[in-house]
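Just so you know, these numbers come straight off a predicted model, no measurement behind them.
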Amino acid sequence: MHMSDGLLNAPVSVAFLVIAALGVGFALVKARADLDDRTAPMAGLVATFIFAVQMINFPILPGASGHLLGGALAAILVGPYVGALCVTIVLVVQALLFADGGLTALGANVTNMALIGTAAGFLVAVALRKFARKGKGGLAAVAFVSAFVNTLLAATGFIVEYAIGGAGGVEIGKVALLMWGLHALIGIGEGLITAATVTSVASIRPDLVFLLKGNRKPLEVRS
């Protein structure tokens, strides 16, 4: 999912850097309403967890592996705006310190994973929130679906950007087929990790799960 330097031409790279900056700036302004003494430490933990798990690749096919994107996970736990900032911080640190994703492609990577992925995951979770509030199984199912959609739409962002200004020398049809196919499989792993993490947090501190805020009755998390 991480785009490397040279995969997009310069004008498109700059354009998505501007888009990413505007999106992150908007998230920064809106996140102020969601941050308090409880959610701020939680946001730090979420960013740290996503960073750590993104460093671990799980096999999906012979010669191909994937890792957590984290957009849906962050959005469900700390909200879409704080979640977008968490993923952005992870991507910036990875690009600067670990060369995971090119600096010229940072705008595209932030757009795909921190903005598109987080927004998509949260919108799906909100649409299914009534099921998430019914118990542990419902919450797990909602988290799984949200993460799966988050992964596919983030991959779609990659495809669109490559179609606009791809410089990799590969036909867009092949890129689309490869990205959607692989990320459908990655989405399953993403969904399982997200579901397990969200339900684990909810079983201990449901009040810290952003998606469950406003729940009129305590979430039943028994197996």
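T194 has its side chain out of reach of F144: every pair of non-hydrogen atoms, C-beta onward, lies at least 4.5 Å apart. By the 4.5 Å heavy-atom criterion applied to side chains, L208 and L77 are not counted as neighbours. The shortest distance between side-chain heavy atoms of L103 and L96 falls below 4.5 Å. The side-chain heavy atoms of I76 and S146, taken from C-beta on, include a pair separated by under 4.5 Å. Between M3 and L106 there is no side-chain heavy-atom pair separated by less than 4.5 Å.
Side-chain heavy atoms closer than 4.5 Å link hydrophobic residues (I, L, V, M, F, W, Y) into clusters, and following such links, even through other members, never connects F26 to I116. Note on V78 and L45: separate hydrophobic clusters, where clusters join Ile, Leu, Val, Met, Phe, Trp and Tyr whose side-chain heavy atoms are under 4.5 Å apart, directly or indirectly. Linking Ile, Leu, Val, Met, Phe, Trp and Tyr residues whenever their side-chain heavy atoms come within less than 4.5 Å places L97 and M113 in a single cluster.
Closest approach of A84 to L115, counting heavy atoms only: CB-CD2, 4.4 Å. Scanning both residues, T111 and A20, for their nearest heavy atoms gives OG1-CB, 3.7 Å. Shown here for V82 and A31, the closest heavy-atom pair between the two residues is CG2-CB, 3.8 Å.
Annotation: side-chain hydrogen bond (donor to acceptor under 3.5 Å, both in side chains) contacts involving residues 70-98, sequence neighbours excluded, comprise H2-Q94, Q54-Q94. Note on residues 88-122: pairs passing ring-ring contact (aromatic ring centres under 6.0 Å, His included), not counting sequence neighbours, are F51-F98, F122-F210. Pairs engaging residues 79-89 under the salt bridge (Lys or Arg N to Asp or Glu O under 4.0 Å) rule: none recorded [sequence neighbours left out]. A side-chain hydrogen bond (donor to acceptor under 3.5 Å, both in side chains) check over residues 5-32, counting only residues at least two apart or in different chains, returns the pairs D5-T104.
Looking at residues two or more places apart in sequence or on another chain, you find a side-chain contact (heavy atoms from CB on, under 4.5 Å) between L178 and L182. Take D207 and apply the salt bridge (charged side-chain N to carboxylate O under 4.0 Å, His left out) test, not counting sequence neighbours, and it matches R38, R205. T39 pairs by the side chain to side chain donor-acceptor pair (under 3.5 Å) definition with D36, not counting sequence neighbours. The side-chain contact (heavy atoms from CB on, under 4.5 Å) search around V145 returns V124, L128, V149, not counting sequence neighbours.
Rounding to the nearest 0.5 angstrom, the gap separating the CD1 atom in I89 from the OG1 atom in T48 is 9.5 Å. In this structure, the separation between NE2 on H183 and CD1 on I186 is 4.0 Å, given to the nearest 0.5 Å. In this structure, CG in N150 is found 9.5 Å from CG in L73, a value given to the nearest 0.5 Å. L8 contributes atom CG, which lies 11.5 Å from atom CG of L17 (distance to the nearest 0.5 angstrom). We find the CG-CG distance between L192 and L68 to be 11.0 Å, quoted to the nearest 0.5 Å.
With hydrogens and angles ignored, the 3.5 Å screen pairs a side-chain donor or acceptor of S203 with a backbone N or O of S200. A donor-acceptor pair is defined here as one N or O able to donate and one able to accept, closer than 3.5 Å; such a pair exists between the side chain of T199 and the backbone of A196.
The hydrophobic cluster containing L123, built from Ile/Leu/Val/Met/Phe/Trp/Tyr side-chain heavy atoms closer than 4.5 Å, comprises no other residue. Hydrophobic cluster of V18: the remaining members, joined at side-chain heavy-atom separations below 4.5 Å, are L22, listed by chain and number. Hydrophobic cluster membership of L177, counting Ile, Leu, Val, Met, Phe, Trp and Tyr whose side-chain heavy atoms lie under 4.5 Å apart directly or via other members: none, as it forms a cluster of its own.
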Please table the atom pairs, donor to acceptor, closer than 3.5 Å between any side-chain atom in residues 157-164 and protein atoms at least two apart or in another chain.
residue, atom, partner, partner atom, Å
E161, OE1, N112, ND2, 2.9
Y162, OH, G168, N, 3.4
Y162, OH, G169, N, 3.3
Y162, OH, V170, N, 3.0
Y162, OH, V170, O, 3.0

